[in-house]
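By convention in this document, chain letters (A, B, ...) are assigned in the order of the sequence lines, proteins followed by strands, and residues within each chain are numbered from 1.
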2 protein chains.
Amino acid sequence: MAVTAPPKLLFRQLFEKESSTYTYLLADIAHPDKPALLIDPVDKTVDRDLGLIKNLGLKLVFALNTHCHADHITATGILKKKVPTVKSVISRSSLAKADILIDGGDKIRIGNLFLEARPTPGHTTGCTTYVTDDAPHHPNPRMAFTGDTVLIGGCGRTDFQGGSSEKLYRSAHSQIFTLPKQTLLYPAHDYRGFTVTTVEQEALYNPRLTQDEEAFINTMKKLKLPYPKMIDIAVPANLVCGIQDSKI
Amino acid sequence: MAVTAPPKLLFRQLFEKESSTYTYLLADIAHPDKPALLIDPVDKTVDRDLGLIKNLGLKLVFALNTHCHADHITATGILKKKVPTVKSVISRSSLAKADILIDGGDKIRIGNLFLEARPTPGHTTGCTTYVTDDAPHHPNPRMAFTGDTVLIGGCGRTDFQGGSSEKLYRSAHSQIFTLPKQTLLYPAHDYRGFTVTTVEQEALYNPRLTQDEEAFINTMKKLKLPYPKMIDIAVPANLVCGIQDSKI
């Protein structure tokens, strides 16, 4: 009888300074193939990320996006050109193209590890939070990659791409804050030098999301944020994996 | 008989963009006081760090420096003014002032956790790497805070403040690369968006430190780096905990 080694997570958080974006590398290094995935890779840092993956002896299998970004161009298209076996992944509700369109509850598997997709609309229609499992041998505390839904002491804006403050509030409270309180939350961005937070920290101290729903909606209405400088380039590109002439 | 709870590490990595400096927050949250320490705090981010410490319910006990920095001003002096019970810590060989001057092998204790000081001269005379313990209930894999001795895919420059390429090479190989290969290495800086590495990764792929000693010394000689723009302000300030008129 074949014995399956319990998963062993290799994890790296990576930062792209210009858009203050975090990319995440996860791999099951107990599996003989060392299969890996990237979450929210950025076009400008693709060579850095592939160099690291090569050095670590990993096999990149999936390139996931938490949503169709408006502030940078995803590296999924370039990654697929450079590593043709890589499959791009995004939620079906994002309306973006990808090799694999996921729905809530779907699992992305690398070796004996997986991430489960939780729909967390609000910043955009298709926002998804990817969550590790709670079974033995899986990361403890659990980890959730929240995209722009819950940021550290903040949240994504809700004024474009099908944004809805009501939906974001409900997504955060029903899909993220219901995770165990020690769950590590890794956002798509941070602008102040924070790298990670927890469910407990955000549920207690997030200045926006600790308000009641009505006050939160009012706060978001009053933000009057400038038009995002990259949106007209990034969104059309990201709808097709970051490459306008890509066949996905 | 009193039962001592095993330590439980709370860990946060924090980034200061201007000098690309990492500050680290560690606390023993199994201890009733939740005692905490900061490694390499930066003056410009002291309010951010104290806000986080307050939100997490921690008691800041120590502010450590890995060395007398030339590229930013340490926050130890400001921290001592804002939280008078905080003790500053640096190596005796740095020749800087601090409440606690440590030598190789000394331990900095917070609750039931501790960091051991390993002298790793080379970038400066007083450079120290702080390493977690390998006993049960301590972080596994171990963690080492390497300052500017080993950077991710690099190392600190060796052309000022008593710098010595020979010493840096020997420090890295005898004090850092001898740790278990999965030990997580957290540097004082990264300029490319990496956040962490391992002994294994650096021992195999660090382009400078995988050379033999002679080749390494030649590489460092040829760097011809510009004069550090902050050095004339930062070093005198950091010799007195970051505040020129400080009585430590």
Novice: Quick one: what part of Leu204(A) sits under 4.5 Å from any heavy atom of chain B, side chain, backbone, both or neither?
Specialist: neither
Novice: Just so I know, are the side chains of Thr198(A) and Arg12(B) near enough to count as touching, which here means a heavy-atom distance under 4.5 Å?
Specialist: yes
Novice: Mark yes or no: Arg48(B) above the aromatic ring of Phe194(A), with NZ or CZ under 6.0 Å from the six-membered ring centre and no more than 45 degrees from the axis.
Specialist: yes
Novice: When rounded to the nearest 0.5 angstrom, what distance separates CD in Gln182(A) from CD1 in Ile29(B)?
Specialist: 5.5 Å
Novice: Taking Gln13(B)'s backbone N and O only, do any of them form a donor-acceptor pair with Thr195(A)'s side chain (distance below 3.5 Å, no angle check)?
Specialist: yes
Novice: With a 4.5 angstrom heavy-atom cut-off, is it the side chain or the backbone of Thr23(B) that approaches chain A, or both, or neither?
Specialist: neither
Novice: Quick check: do Lys17(B) and Phe15(A) have side-chain heavy atoms less than 4.5 Å from each other?
Specialist: yes
Novice: Heavy-atom count check: over 12 atoms from other residues, nucleotides or ligands less than 6.0 Å from Gln211(A) CD?
Specialist: yes
Novice: What part of Gln201(A) gets closer than 4.5 Å to chain B, counting heavy atoms only: side chain, backbone, both or neither?
Specialist: side chain
Novice: Is atom CD of Glu18(A) surrounded by more than 12 heavy atoms (other residues, nucleotides or ligands) closer than 6.0 Å?
Specialist: no
Novice: Between Asn55(A), Thr45(A), Thr197(A), which residue shows the highest count of heavy-atom pairs closer than 4.5 Å to chain B?
Specialist: Asn55(A)
